[in-house]
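Everything below concerns the one structure shown next.
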There are 2 protein chains.
Amino acid sequence: MTQMQDDPLALDRQVCFALAAASRSVIGMYRPVLAPLGLTHPQYLVMLSLWERSPRTVRDIGQALRLEPATLSPLLKRLESAGLLTRQRNREDERSLDVELTAAGRSLRTKAELVPAQIVERLGMDVAELERIRDSLTQLLAASDG
Amino acid sequence: MTQMQDDPLALDRQVCFALAAASRSVIGMYRPVLAPLGLTHPQYLVMLSLWERSPRTVRDIGQALRLEPATLSPLLKRLESAGLLTRQRNREDERSLDVELTAAGRSLRTKAELVPAQIVERLGMDVAELERIRDSLTQLLAASDG
DNA sequence: CACAAATGATTAGTATACTAACTAAATGAC
DNA sequence: GTCATTTAGTTAGTATACTAATCATTTGTG
């Protein structure tokens with residue numbers, strides 16, 4: 001009944017605000033969980049992409065994570081400094097950079113396998129509900145990404 | 001059937017990835033829409049909070065937007081430089097900083113009122129579906145924010 | 001009332017994340 | 001076969017966003 005709820009500009013009505021705030025908040029939950037692995041959340045996502053396939057090019061990782069190469073470039077250098085991956089030019093196409101896990105990078109996976117369950121537990125939400133939300137977000141991503 | 005879909009670390013299974021990617025992608029849609037107003041997306045959210053109530057303290061805005069004062073401080077200075085608001089110490093409590101819209105800040109609202117419809121149109125999604133997603137995200141925010 | 005504790009904002013330092021501009025390498029048109 | 005075009009990454013510049021440390025003011029305790 002208040003004017004606020006009818007107002008299209010009311011903060012609490014904005015999908016973009018709910019999205020931005022939830023994203024920051026959930027990523028914030030990962031911080032203490034990922035700290036023992038020496039990873040930030042974006043770095044964790046890069047590692048997930050490499051555990052699925054390695055080596056991959058910067059372009060390929062960027063397409064998987066929807067990140068610009070300009071964002072990935074320094075991020076990958078930090079992971080290289082941490083000893084988790086190597087970066088070297090592709091022999092067949094010198095423009096491409098192959099990013100490949102090191103032994104340390106591969107073995108970090110064991111610790112990472114414990115992460116998802118810890119997050120779900122801290123969230124205290126139903127897994128089925130979380131999967132529903134994930135699917136809605138994937139749909140939203142497709143609509144905005146076109 | 002592939003091992004990937006059973007893998008708890010598969011990128012496409014992560015709520016956090018869907019959340020981060022959708023957030024960046026949707027915020028990216030706002031960029032061309034907000035550019036004519038001279039606002040970034042976080043600045044737009046600050047303006048939404050001030051159109052609801054002005055003046056407000058930095059603390060108060062931070063609680064509404066779930067942003068740290070350290071994030072808001074430089075952001076508010078930019079909006080002050082843009083002439084959209086003023087910043088001055090509260091008379092009754094000199095620790096607090098009152099943030100108040102200027103005439104230019106108030107009048108920008110007219111242009112901003114056209115923003116939500118433009119985004120919905122570009123997304124091409126059902127408004128009811130978007131509201132469902134927003135409510136799920138609000139729920140997720142509450143679970144992660146505790 | 002003096003002084004420790006708490007509160008509100010700022011500053012410093014690190015890490016994303018974007019666009020735009022640039023470099024180097026490969027492709028394609030003629 | 002040469003040269004314009006395209007493609008892959010990097011660099012520069014700006015704006016978030018966080019934690020930790022700091023500063024100033026206010027509150028609360030004895």
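Below, chains carry the letters A, B, ... as their sequence lines are ordered, and counting in each starts from 1. All figures in this text were calculated on a predicted structure; none of them were measured in a lab.
Which of C:dC18, D:dA24, D:dG9 sits closest to the side chain of A:Val58 comes down to D:dG9. Among the nucleotides C:dG8, C:dA12, D:dT11, the one closest to any side-chain atom of B:Arg59 is C:dG8. Of all nucleotides listed (C:dA9, D:dT16, C:dT16), C:dT16 comes nearest to the side chain of A:Pro42. Across C:dA17, D:dA17, D:dG9, the shortest atom-to-atom separation from the side chain of A:Ser96 is found for D:dG9. Checking D:dT10, C:dA15, C:dT11 against every side-chain atom of A:Gln43, the shortest atom distance belongs to C:dA15. Among the nucleotides C:dC18, D:dT11, C:dT10, the one closest to any side-chain atom of B:Leu97 is C:dT10.
Listed pair B:Ser73 / C:dT11 fails the phosphate criterion, with no side-chain N or O lying under 4.0 Å from OP1 or OP2. OP1 and OP2 of D:dT14 both lie 4.0 Å or more from every side-chain N or O belonging to B:Thr40. In terms of phosphate contacts, A:Arg95 brings no side-chain nitrogen or oxygen within less than 4.0 Å of OP1 or OP2 of C:dA24. Distances shorter than 4.0 Å separate none of the side-chain N or O atoms of B:Arg31 from OP1 or OP2 on C:dC18.
Under the side-chain contact (heavy atoms from CB on, under 4.5 Å) test applied with B:Leu75, the options B:Val58, B:Val46, B:Thr40, B:Ile61 reduce to a single match, B:Val46.
Contacts of A:Leu75 with the nucleic acid, taken as non-hydrogen atoms under 4.0 Å apart, involve only primed sugar atoms and P, OP1 or OP2. Note on B:Pro69: a base of the nucleic acid sits closer than 4.0 angstrom, heavy atoms only.
One finds a salt bridge joining A:Arg53 and A:Asp60 here, because a Lys/Arg side-chain nitrogen approaches an Asp/Glu carboxylate oxygen to under 4.0 Å. Between A:Glu129 and A:Arg132 a salt bridge is recorded (basic side-chain N to carboxylate O distance below 4.0 Å).
Closest-nucleotide positions on DNA chain C for A:Arg91 and A:Pro74 were compared, and the one nearer the 5' end corresponds to A:Pro74.
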